[in-house]
Amino acid sequence: MDPLEQIIATLDTSDHVLLRDFTQRNRHRNGRLDLALIDLLLSTQPLTRDEAVVSLYGRQNKRNLESYHALRKRVYALLMEYIVSKSAGSQDELVRSNLFFARYLFDNDLVALGWKYLDRCEKLAREEEDHNVLNSIYNTYLDRIHLEGAPQLSEIEKRRALNKSAEADADRIRLALAYVKVRLKKVRLESRDLDPTILLNQVMQTYDLAELVAARPRYWFALVQLVREALVAKKDFQTLVHFLSVNKKKGAKASDPEKAQFFYFLAHAQYRAKRFPEAMETMQVARQASQPCRRRLRENLDPRLILLESAIWSFMGSNHKAVEVLSAARKTSYFQQADARRANLALNLAVFLFQENSFEDARDVLRAFPGTEKWCVKHMGLEWVLKFQLVRMIVEVDSGRHDNAVKIIRRIRRRFEDLFHQVKYQRVPLLLDYVVMYLEDEERFMLPATYEKMRTDLVRVNARDEDLQAMTYYAWLKSKMLSRDYYETLLEVTQDEESR
C-alpha cells in the first residue's frame, strides 16, 4: 500500500472532516490540489501513480510528475502537522506547554511567575512520571538558580538525583517488558504452551526486580498485564485464572488504579472460564477499587465493568437483568460515541435481546450500529467482525429472513476465507454448513445421525477448556436440532459437561 494511504487509513471517519478544516485553517480556497490528493487517497478504488497524476493535472508528463511529487511532500507535512495537533489537549502536551511558558516568563524578567509555572510543571510531570521532562525541569532550575526566589541548590540536587534513580528503574522495567515480549513471541511462533508464573519469575530474576516491584507495584502490574494479553490472545482462560489467582494478594495490596484493573482482569478471566459467581464477586471488588481513581481511568474501566456485569448476569440465568443493565448503559455518555465501547454494547445487547426471543429488537440494534465494516476491522479487529456477522446470521435465521441469512453466509465465506485456515477458526465453516443444511433440508438436519455428527465435528475439547463464545454457537445449533429453547440450552451447555 502507498505510504500516504497507510497513514490516512489510520484516521477515523470524523478525522476526514477535521483534516479538511485543518487544511483550510489559514486560507479557504476552492480547487486545492492537496485536498484533491487526500480525496483520491481516501477513495475505495486505489490509483496508480500515473492515474493519480492524470486525475490531478489532466495529463501525464515530466513537469506534472514533478509537481505531483512536490504535492505529496506537502500532504506528508500536512498530515504530520495535523496528527501532532491532535495531541494538543493531552497531559503530556500540557506539561511541555507549562515548561515552555515558564522559560518564556523567565526570559522576559517575570521571575516570580516563572517559578510559579515551573513548580506547576514539576508537579504535573511527577504525576505523569515523565522522567525526561523532569530532567529538563531540573536543568531549568539549575540554569536560573541565581535568580530571586529560587529554591535551595541542595534541594534541587536531591530531587534531580531521585529522578535519575527513578528513570534508571523505569529503564530496567522497559528492558524487562521487552524481554517478556520477545519470549511471548517465541512461544506464539513455536506454538508452545505458556507457563506465565515461570516466565514472570524468570524476568524478575534476570533483571533483579524483586525490590523494585515491591516498592513500585505499578511496574509489577505492567508485567502482569503483558502476560495477560498473551493468554487472552490464546484464549487460555483457565491458565490465566490460575496465574492471576496466584498473584491475588499482590493485586489487593496495589494502589487503587492497579488494584481496580487487576481485579477486572481476574473477573473477566473467571467469566471466560465459566466461573460466573466468582466473576460477579470479583467484578464488585474491581468496581469498588475504581471509585477513588482519576476520571481518565474510570472512563476507560467503568464501561468494561458494565459490559462484563451484563454478560455475567446472562450466563447466571438472569438474561433479563443483562438487558436492563445494557439498556440503561446505552443512554450514558460512556456509550454515546461510535467507538469500541458502543460497538461492544450493540453486539452484546443484540445477543441478550435475541436470547429473550426479541428477534426484531435484536435486529434493530444491529442495524442501527453506525460503524462501517472498515471501521470495525480497524478498531475492533477481524475476529470481532466475524462474530458480528455470525450474530447477524443467527438473528436473520430466527426472525424468518432466510434469504438474508444465506447472503450473510456467502459474505462470511468470502470475507474470512483466509482466517478459516487458522486452527481456532476451523470450526466456523462447519457451523455454516449446518446452518445451510437447516435452511435447505430441515428434515435431514433434524435427524439423530446429523446431531451426532454435529457433536463430533464441533465438540473437540471438554466443557471446562472450551471457549465460552464457541459454546454459544454450538448451543444454538443444538437447540435447533432438538427443537428446544436456545437460552435454556445455552445455560445447560455452559454449566453441565454431560449436557453437551
Side-chain angles (χ1 to χ4, degrees), residues 191 232-239 271-276 311 314-315 319 347-348 350-352 354-355 381-398 402 405-406 408-500:
S191 299
V232 169
K234 289 183 65 178
K235 299 184 185 296
D236 189 356
F237 293 102
Q238 297 294 343
T239 301
Y271 155 69
R272 291 298 296 267
K274 299 174 282 292
R275 303 182 186 184
F276 306 121
S314 179
F315 281 97
N319 192 72
L347 182 57
N348 290 9
V351 169
F352 301 150
F354 173 81
Q355 290 171 179
L382 202 57
E383 180 177 313
W384 188 94
V385 176
L386 172 60
K387 184 165 59 175
F388 188 86
Q389 294 298 339
L390 288 173
V391 171
R392 281 189 62 220
M393 174 196 72
I394 289 172
V395 171
E396 294 297 293
V397 169
D398 277 9
H402 292 181
V406 170
I408 294 171
I409 291 170
R410 289 172 182 164
R411 179 177 178 81
I412 290 173
R413 290 191 191 278
R414 289 194 307 269
R415 180 69 177 83
F416 301 99
E417 182 180 4
D418 293 339
L419 205 63
F420 297 155
H421 295 301
Q422 298 181 32
V423 173
K424 64 180 179 179
Y425 301 113
Q426 285 177 353
R427 287 181 289 180
V428 177
L430 297 174
L431 168 71
L432 299 178
D433 290 341
Y434 283 108
V435 177
V436 171
M437 186 192 301
Y438 171 73
L439 297 175
E440 295 181 352
D441 191 352
E442 187 173 352
E443 184 176 345
R444 179 186 166 208
F445 177 83
M446 302 296 290
L447 292 174
T450 303
Y451 172 61
E452 292 303 322
K453 187 175 186 307
M454 184 272 291
R455 290 190 68 202
T456 302
D457 287 341
L458 300 184
V459 179
R460 299 185 179 179
V461 296
N462 60 51
R464 177 181 177 275
D465 296 326
E466 180 63 276
D467 177 58
L468 182 61
Q469 294 178 353
M471 296 177 86
T472 63
Y473 303 118
Y474 167 78
W476 179 72
L477 270 183
K478 180 177 179 178
S479 71
K480 289 292 175 195
M481 290 181 168
L482 301 183
S483 300
R484 295 189 55 197
D485 179 75
Y486 162 60
Y487 184 52
E488 291 179 1
T489 308
L490 174 65
L491 295 181
E492 287 182 2
V493 166
T494 55
Q495 297 173 15
D496 182 5
E497 171 71 28
E498 297 301 320
S499 70
R500 302 180 77 206

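One is the number of the first residue; the rest follow in order along the sequence.
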Main-chain N/O of N319 paired with Y487 side-chain donor or acceptor, under 3.5 Å: yes

Flag, side chain of K274 to backbone of E466, donor-acceptor distance under 3.5 Å: yes

Spacing of CD belonging to Q389 relative to CD1 belonging to I412, to within rounding of 0.5 Å: 6.0 Å

Heavy-atom donor-acceptor pair, Y474 side chain to M454 backbone, under 3.5 Å: no

Nearest-0.5 Å distance that lies between atom CG in L490 and atom CD in Q495: 8.5 Å

Carboxylate-amine/guanidinium contact K478 E492, below 4.0 Å: no

Side-chain heavy-atom pair W476, V435 within 4.5 angstrom cut-off: yes

Residues in side chain to side chain contact (heavy atoms under 4.5 Å, CB included) contact with Q426, at least two apart in sequence or another chain: V423, R460

Pairwise side-chain contact, F354 with V391, heavy-atom cut-off 4.5 Å (strictly under): no

For F388, ring-ring contact (aromatic ring centres under 6.0 Å, His included) partners two or more places apart: W384

Q469 side chain near R272 side chain, heavy-atom distance below 4.5 Å: yes

Spacing of T489 atom OG1 and M481 atom CE [to the nearest 0.5 Å]: 12.5 Å

Minimal non-hydrogen separation, M471 against T494, with atom names: CE-CA, 3.8 Å

Spacing of D467 atom CG and F237 atom CZ [to the nearest 0.5 Å]: 6.5 Å

Minimum side-chain heavy-atom gap E443-D441 below 4.5 Å: yes

Of all pairs that satisfy ring-ring contact (aromatic ring centres under 6.0 Å, His included), the ones with a partner from residues 410-447, not counting sequence neighbours: Y438-F445

Test applied, side chain to side chain contact (heavy atoms under 4.5 Å, CB included); reference residue, L477; option that passes from D457, L482, I394, L431: L431

Any side-chain heavy-atom pair of K480 and E442 under 4.5 Å: no

Q422, CD atom: more than 12 neighbouring heavy atoms under 6.0 Å: yes

Rounded distance (nearest 0.5 Å) linking atom CG of L430 with atom OG1 of T456: 11.5 Å

Residues R411 and E396 bridged, charged N to O under 4.0 Å: no

Student check: side-chain heavy atoms of E440 and V406 closer than 4.5 Å: no

Expected output: side-chain E488 to main-chain S479 donor-acceptor under 3.5 Å: no

Beyond-backbone contact of Y473 with V428, side-chain heavy atoms, under 4.5 angstrom: no

Residue pair L419, E383: steps toward the side-chain contact (heavy atoms from CB on, under 4.5 Å) verdict: CA-CA 9 Å; L419 205 63; E383 180 177 313; 5.5 Å; no

Check: T450 side chain, R444 main-chain N or O, donor-acceptor pair, under 3.5 Å: yes

Between CG on residue L390 and CD1 on residue I409, distance to nearest 0.5 Å: 9.5 Å

